[in-house]
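It should be emphasised that the depicted structure is a prediction, and the values quoted were computed from it without experimental measurement. All chains are named by letter (A, B, ...) in the order of the sequence lines, taking the proteins before the strands, and each is independently numbered beginning at 1.
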Protein chains: 2
Amino acid sequence: MQLTKKVEQAICIIVLLATQESSAPLASDEISKRLGVSPSYMKKITRKLVVQGIAVSVSGNNGGVSLAKSVDDISMLDIIEAMEGPIQMYPDTGLISLAFHDGKYAKRGQNILRNVFAQGDNLLIEYFSKVSAGDLLKEGFGVENLPTLNWNQESLSDVLPWEQGDDK
Amino acid sequence: MQLTKKVEQAICIIVLLATQESSAPLASDEISKRLGVSPSYMKKITRKLVVQGIAVSVSGNNGGVSLAKSVDDISMLDIIEAMEGPIQMYPDTGLISLAFHDGKYAKRGQNILRNVFAQGDNLLIEYFSKVSAGDLLKEGFGVENLPTLNWNQESLSDVLPWEQGDDK
DNA sequence: ACTTTATGGATATAATTTATCCATAATGGA
DNA sequence: TCCATTATGGATAAATTATATCCATAAAGT
C-alpha cells in the first residue's frame with residue numbers, strides 16, 4: 001500500500017517546472033542531475049507526465065519539458081496516476097474463486113470485496129483530485145505568486161536569497 | 001498503490017475461520033491446501049493474524065487456528081494491517097531534501113507532503129476500520145447467522161446444499 | 001514416547017520497481 | 001546542409017520487494 005518512488009520524483013519535477021521561467025523549457029538532463037538519476041531514466045519519467053497531459057515537451061536545441069497547464073489545474077491525483085496508472089487497491093487474483101471452487105458464494109464474495117475496495121479507491125480519488133499542486137506550492141513558498149528562474153542555469157537561492165540551504 | 005496478495009489470502013482465511021465450528025481450531029495445513037500454498041507459507045500468514053490479535057492458535061493434536069473474537073469486531077483495517085503493517089502511502093525517501101539541497105523550502109515541502117499523504121492514509125483508516133468482516137460475511141451469505149462446519153473434514157456444500165460449485 | 005501442529009530462521013523464486021544503454025527521430029542554429 | 005541538442009522508444013540490467021518453501025525446534029494432546 002505504498003506509492004512508488006516515482007511519485008516523489010514526479011513531485012520534484014513539478015516543483016522544478018512550476019518555478020521554471022515560462023519561456024524556457026527545462027531540459028530533462030538538468031532534472032536528472034538534480035534528482036540523481038540518469039538522463040535516460042529521467043526521460044522515461046518526464047515522458048509519463050507528457051502522456052498524462054501534465055507536461056509538454058519539445059525536442060532539439062533549447063528544448064525540454066514544461067508544464068502543459070497552470071499548477072492550479074494539476075492535482076495530486078494527476079501526478080499519482082501519471083506515474084502509477086489508475087488507483088486500484090484490490091489485487092483480485094481470483095483467489096476466492098479458487099478457494100471456494102467458484103460457487104455461488106465465491107462470486108458473491110468477490111463482488112462484495114471488489115465493491116468495498118473500490119469505495120476505498122474512490123475516497124483517495126476524490127481527496128487527491130482536490131489537492132492541487134498550486135495550493136501546495138503556494139503554501140510551501142508562502143507566497144501567492146511563485147518565484148521563477150531558469151533551472152537550466154541557476155538555482156533557487158539566486159532568486160530567494162533567504163533560502164537557507166547549501167545551494168550556491 | 002496496490003494491496004498485496006496476502007490481504008486476499010487473509011480474507012479467505014477469515015472466511016474459513018468464521019464458518020469453522022467454534023469448538024474445533026482449523027489446522028493451517030488444511031487452509032494451505034484450500035488456498036494452494038505450502039503449509040509452511042500458510043503458517044507465516046496465519047501467524048500474522050495471531051500477532052495482530054485477530055486469531056489465536058494452539059499447537060499439538062487437534063490444534064490449529066481460530067478467531068480471537070467475533071467477526072463483528074474484526075475490521076478490514078485489522079486484516080490489512082495484519083498483513084502489511086500500518087497504512088502509509090508516502091514513500092518519503094528524502095528525495096526532496098536531495099533535490100533542493102535540504103534548504104528551508106525543502107523541509108517545508110517535505111512536511112506539507114507528509115501531511116497531504118497522511119490525510120489520505122487517514123481516509124482509508126477511517127473507512128476500513130468501519131467495514132467489518134461480520135457485515136461482509138452476512139451480506140455474502142445472505143443470513144444473519146453464519147453457517148458453520150468443520151473445514152478440517154467437510155466442505156461448504158455439505159451445509160449449504162444450494163451452493164452451486166463443484167464442491168463435493 | 002509419538003503424533004500433530006505451531007513457531008522461527010534461513011533461503012529460494014518470482015514479480016515489480018528502478019534504472020541504464022543505445023539507436024532513432026525531431027528541432028533549431030551555424 | 002550539417003551539427004549539436006534534446007526527446008522517444010525498445011531492450012535489458014540491477015535492486016528491491018513479494019511470494020513462497022524448507023528445515024529445525026517447540027508445544028500440546030493421546
Side-chain angles (χ1 to χ4, degrees), chain A residues 1-10 12-13 17 20 23-33 35-52 55-66 68 80 82-85 88-89 91 93 95 98 151-153, chain B residues 1-10 12-13 17 20 23-33 35-52 54-66 68 80 82-85 88 91 93 95 98 151-153:
Chain A
M1 264 303 289
Q2 251 199 0
L3 296 161
T4 62
K5 203 172 168 180
K6 283 195 177 74
V7 173
E8 219 181 358
Q9 292 166 332
C12 289
I13 296 168
L17 297 184
Q20 173 69 12
S23 52
L26 176 54
S28 72
D29 286 20
E30 284 304 317
I31 307 176
S32 78
K33 281 181 207 155
L35 300 198
V37 296
S38 72
S40 54
Y41 181 61
M42 183 46 65
K43 288 185 181 97
K44 303 283 188 200
I45 306 284
T46 55
R47 180 67 186 147
K48 283 172 186 278
L49 295 175
V50 172
V51 169
Q52 177 78 9
V56 290
S57 59
V58 293
S59 290
N61 225 320
N62 302 314
V65 185
S66 38
I80 293 170
M83 294 300 117
E84 314 213 335
Q88 255 205 306
M89 287 193 282
T93 65
L95 183 64
L98 171 70
W151 288 102
N152 287 307
Q153 300 148 15
Chain B
M1 266 303 289
Q2 251 200 0
L3 295 162
T4 63
K5 204 171 167 182
K6 283 194 177 74
V7 172
E8 219 181 359
Q9 292 167 332
C12 289
I13 296 168
L17 297 184
Q20 171 69 11
S23 52
L26 175 55
S28 71
D29 286 20
E30 283 303 317
I31 307 178
S32 78
K33 280 181 208 155
L35 301 198
V37 296
S38 72
S40 53
Y41 181 61
M42 182 48 65
K43 288 186 181 96
K44 304 282 189 200
I45 306 284
T46 55
R47 180 65 185 148
K48 284 173 186 278
L49 295 175
V50 171
V51 168
Q52 177 79 10
I54 295 174
V56 290
S57 60
V58 293
S59 291
N61 224 320
N62 302 314
V65 185
S66 37
I80 293 170
M83 294 299 117
E84 313 212 337
Q88 254 204 307
T93 65
L95 183 64
L98 172 70
W151 289 101
N152 286 307
Q153 300 150 13

Take the protein atom [atom1] of [X] and the nucleotide atom [atom2] of [N], then report the distance between them rounded to whole Å.
X       : N      : atom1 : atom2 : answer
B/Met83 : D/dA20 : CE    : C1'   : 15 Å
B/Glu8  : D/dA18 : CD    : C1'   : 14 Å
A/Arg47 : C/dA19 : CZ    : C1'   : 19 Å
B/Lys5  : C/dT13 : NZ    : C1'   : 13 Å
A/Ile13 : D/dA7  : CD1   : P     : 11 Å
B/Lys43 : C/dA6  : NZ    : C1'   : 7 Å
B/Ile45 : C/dG8  : CD1   : P     : 15 Å
B/Leu26 : C/dT4  : CG    : P     : 17 Å

Report task. State, yes or no, whether a side-chain contact exists between A/Ile45 and A/Met42 at a heavy-atom distance under 4.5 Å. Result ->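 A/Ile45 reaches A/Met42 side chain to side chain.
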Requested in this report: Report yes if some heavy atom in the side chain of B/Asn152 is under 4.5 Å from a heavy atom in the side chain of B/Asn62; otherwise report no.
Outcome: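 The answer is no; the side chains never approach within 4.5 Å.
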Requested in this report: Report yes or no: do A/Glu8 and B/Thr93 form a side-chain donor-acceptor pair below 3.5 Å?
Outcome: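 Judged by distance alone, the side chains do pair up.
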Query - Below 4.0 Å: OP1/OP2 of C/dC21 and any side-chain N or O of A/Ser40 - result: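 The answer is no; no side-chain N or O of A/Ser40 sits under 4.0 Å from OP1 or OP2.
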**Report entry** N/O (side chain, B/Gln9) to phosphate O (OP1/OP2, D/dA20) under 4.0 Å
**Finding:**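 For D/dA20, OP1 or OP2 has a side-chain N or O of B/Gln9 closer than 4.0 Å.
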Requested in this report: Counting heavy atoms from C-beta on, name the nucleotide in C/dG28, C/dT18, D/dA28 closest to the side chain of B/Ser59.
Outcome: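 Given the options C/dG28, C/dT18, D/dA28, the side chain of B/Ser59 is closest to D/dA28.
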Query raised in the report: Which listed nucleotide (D/dT19, C/dA6, C/dT20) is nearest to the side chain of A/Tyr41?
Result: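 Output: C/dT20.
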Query - Greater than 12 external heavy atoms within 6.0 Å of B/Gln88's CD - result: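 No, not enclosed.
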